[in-house]
There are 2 protein chains.
Amino acid sequence: MSLNEDLQAIVYHFGEMASRWGFNRTVGQMLGLIVLTEEPLSAEQIGQSLNISRGNISMAAKELQSWQLIRVHREPGDRKDYYVANGSIWELAQQVMSERSKREINPTLSLMRTQLMTSENDDSRLPAYSKQQIQQVHDLLELFTLWFADVQNMKQEHIKALMKMGAGVGKVLELKDKLIPR
Amino acid sequence: MSLNEDLQAIVYHFGEMASRWGFNRTVGQMLGLIVLTEEPLSAEQIGQSLNISRGNISMAAKELQSWQLIRVHREPGDRKDYYVANGSIWELAQQVMSERSKREINPTLSLMRTQLMTSENDDSRLPAYSKQQIQQVHDLLELFTLWFADVQNMKQEHIKALMKMGAGVGKVLELKDKLIPR
DNA sequence: TTAATGTTTCAGTAATTTCTGAAAGTTTAG
DNA sequence: CTAAACTTTCAGAAATTACTGAAACATTAA
């Protein structure tokens with residue numbers, strides 16, 4: 001199963017970017033391959049395309065399933081697992097954002113929340129300046145969390161609307177300023 | 001230079017989260033320490049607080065400067081470098097987002113752009129389905145890039161406005177739907 | 001059942017990333 | 001200039017992360 005040259009370039013690029021996106025090379029390559037391929041792919045096919053071991057494929061598939069980015073498709077009368085992308089590009093992106101928000105933001109948010117609580121009325125715990133800074137980070141992370149939660153509920157149509165608007169949050173805010181009398 | 005216990009907990013937490021945020025443990029710890037400390041810190045003080053080698057501090061400082069998250073402060077009549085956070089929490093967050101967008105999105109965006117161009121009128125290059133999917137990813141990444149650029153231009157006041165609104169993009173879009181007659 | 005056809009696990013190995021500390025480099029007071 | 005006070009670099013060591021492949025496990029057709 002040798003890959004189309006251009007496709008291979010993108011798949012390998014996904015592999016290289018993977019560590020920046022929060023997973024390892026194999027997971028990145030497999031995600032690329034599965035997302036860009038119309039047909040469901042068996043572990044065997046994936047192994048031939050990417051030259052990786054059976055065990056590695058199994059672990060990467062598990063990881064991609066834990067991110068809910070792929071799912072298993074089965075053909076009647078065939079015991080093999082075939083992997084497919086778990087939705088549209090937009091749905092996959094939502095999934096990645098949600099998962100990354102969970103892993104990159106939530107733990108810090110809860111630690112800070114706890115510390116701000118316990119040091120609330122106890123000046124002996126944190127220096128005032130540190131407390132202020134922690135509060136600032138906390139509030140910002142909370143805002144991001146709200147945004148991400150919001151993005152979860154955005155449908156494709158909303159995305160298209162945003163795309164047509166040409167710019168983002170700032171423009172929308174200006175709009176709001178103009179439209180809402182104060 | 002031993003650290004306040006609560007502060008230490010956060011600083012170490014920053015170290016643990018660092019790899020998820022795109023840097024290594026030392027860089028994460030140093031960022032935490034510098035951001036939460038009011039006084040400019042020398043390499044020596046940092047070394048004592050975090051128990052890391054001189055070389056490691058130097059490399060981490062370089063990394064943080066390349067992200068524009070810290071800058072060097074010098075006292076007259078003192079040859080030491082003292083490190084300080086390069087702005088408010090919001091400015092630092094903007095910086096991180098901008099840098100991550102550069103590292104996580106731009107390379108993929110340009111590869112895809114190039115491939116979509118060269119395969120535009122050449123059906124022999126990419127399967128139609130792959131081309132579609134690549135286009136979708138490309139468009140979404142472009143939208144993210146626009147959003148991030150927008151965030152660059154948002155001032156603290158805008159952020160506060162957004163925080164007061166309680167939710168994010170979705171609500172603003174609903175607002176727009178209601179206010180703009182079609 | 002059972003044998004064939006798969007998948008998963010995991011111990012050991014390989015690859016990659018990070019850290020140390022000594023040597024080289026830089027800056028400035030005198 | 002020179003020497004003291006710092007900072008940076010970088011080769012090798014340590015720590016971490018990822019990968020392989022063989023053995024264990026699971027499923028199903030006959």
Side-chain angles (χ1 to χ4, degrees), chain A residues 1 11-34 40-67 70-84 103-104, chain B residues 1 11-34 40-67 70-84 103-104:
Chain A
M1 187 71 38
V11 167
Y12 284 169
H13 174 86
F14 269 55
E16 283 162 29
M17 297 302 287
S19 65
R20 301 194 166 169
W21 295 341
F23 19 78
N24 69 34
R25 184 176 21 179
T26 303
V27 173
Q29 290 181 349
M30 263 180 65
L31 179 62
L33 187 61
I34 293 169
L41 292 171
S42 68
E44 197 186 14
Q45 289 173 303
I46 292 170
Q48 284 170 346
S49 296
L50 303 180
N51 277 295
I52 52 185
S53 74
R54 203 60 197 66
N56 200 5
I57 294 171
S58 173
M59 288 188 297
K62 209 173 144 196
E63 175 78 358
L64 283 168
Q65 281 172 304
S66 89
W67 284 69
I70 64 172
R71 64 189 145 75
V72 174
H73 169 93
R74 301 199 83 137
E75 290 288 330
D78 183 346
R79 293 196 205 161
K80 282 204 188 74
D81 283 356
Y82 291 89
Y83 300 108
V84 254
R103 299 178 186 207
E104 295 176 13
Chain B
M1 188 72 36
V11 167
Y12 284 170
H13 174 86
F14 269 55
E16 282 163 29
M17 296 302 285
S19 64
R20 298 191 169 171
W21 296 341
F23 19 79
N24 68 36
R25 183 176 25 178
T26 302
V27 172
Q29 289 181 350
M30 265 181 62
L31 179 61
L33 187 61
I34 291 168
L41 292 172
S42 69
E44 197 186 12
Q45 290 173 302
I46 292 170
Q48 282 168 351
S49 296
L50 305 179
N51 278 296
I52 52 183
S53 74
R54 202 61 195 67
N56 201 4
I57 294 170
S58 173
M59 287 186 299
K62 209 174 146 195
E63 175 79 358
L64 284 168
Q65 282 173 302
S66 89
W67 284 70
I70 66 173
R71 64 188 146 75
V72 175
H73 168 94
R74 301 201 83 139
E75 289 288 330
D78 183 344
R79 294 198 202 160
K80 281 204 189 75
D81 284 356
Y82 291 89
Y83 300 107
V84 254
R103 299 177 187 210
E104 296 176 13

Practice task
Please report, rounded to the nearest Å, how far the C1' atom of C/dT8 is from the NZ atom of A/K80.
Solution key: 17 Å

Exercise for the section: Figure out the CE/C1' separation between A/M59 and C/dT8, and round it to whole Å. Expected result: 10 Å

Fill in the blank from the handout: To the nearest angstrom, the CZ-C1' distance between B/R54 and C/dA23 comes to 14 Å

Fill in the blank from the handout: Minimal heavy-atom distance between A/Q45 and A/P40, with the atoms involved, is OE1-O, 3.9 Å

Problem - Short side-chain N/O contact from A/N24 to OP1 or OP2 of D/dC19, under 4.0 Å - result: yes

Practice task
Could you tell me the separation between the CZ atom of B/R71 and the CD1 atom of B/I34, rounded to the nearest 0.5 Å?
Solution key: 11.5 Å

Practice task
Specify the closest pair of heavy atoms between B/Q29 and B/Y12, including all atoms of both residues, with the distance to one decimal.
Solution key: NE2-CD2, 3.5 Å

Practice task
Send over the distance from B/Q45 CD to D/dC6 C1', rounded to a whole Å.
Solution key: 15 Å

Practice task
State the CD1-CZ distance between B/I46 and B/R54, to the nearest 0.5 angstrom.
Solution key: 8.5 Å

Practice task
Mind checking the CG-CE spacing from A/N56 to A/M30? Nearest 0.5 Å is all I need.
Solution key: 8.5 Å

Problem - Between P of D/dT7 and CD1 of B/I70, the distance in whole Å - result: 12 Å

Exercise for the section: Using five pairs at either end of the helix from C/dT1-D/dA30 to C/dG30-D/dC1, determine the angle between the two local helix axes and round it to 10 degrees. Expected result: 20°

Report, one pair per line, the protein and nucleotides 27-30 of chain C atoms (nitrogen or oxygen only) whose separation is under 3.5 Å.
{"residue": "C/dT28", "atom": "O2", "partner": "B/R79", "partner atom": "NH2", "Å": "3.3"}

Problem - For atom CG of B/N51 and atom C1' of C/dT18, their distance in whole Å - result: 17 Å

Exercise for the section: Would you classify A/N56 as touching base, sugar-phosphate or nothing, given that sugar-phosphate means primed atoms plus P, OP1 and OP2, and contacts are heavy atoms under 4.0 Å? Expected result: base

Completion exercise
When every non-hydrogen atom of B/S49 is compared with those of B/L33, the smallest separation belongs to CB-CD2, 4.0 Å

Completion exercise
Closest heavy-atom pair, B/A18 versus B/G28, reported as atoms and distance to 0.1 Å, is CB-CA, 3.9 Å

Exercise for the section: Check step by step if side-chain contact (heavy atoms from CB on, under 4.5 Å) holds for A/E63 and A/T26. Expected result: CA-CA 10 Å; A/E63 175 78 358; A/T26 303; over 6 Å; no

Problem - Rounded distance (Å) that lies between atom P of D/dC19 and atom CZ of A/F23 - result: 13 Å

Exercise for the section: Could you tell me which non-hydrogen atom of B/W67 sits nearest to which non-hydrogen atom of B/R103, and how far apart they are? Expected result: NE1-NH2, 3.2 Å

Completion exercise
The answer to which of A/D78 and A/K62 contacts DNA chain C further toward the 5' end, by nearest nucleotide, is A/D78

Handout entry: OP1 or OP2 of C/dT9 under 4.0 Å from side-chain N/O of A/S58
Key = no

Completion exercise
Per atom distances to the B/R25 side chain, the nearest of D/dG21, D/dC6, C/dC19 is C/dC19

Handout entry: Atom-to-atom span, CG of B/L50 to C1' of C/dT20 - whole angstrom
Key = 15 Å

Exercise for the section: Take A/S19 and A/Y82, find for each the nucleotide of DNA chain C with the closest heavy atom, and name the residue whose nucleotide sits nearer the 5' end. Expected result: A/Y82

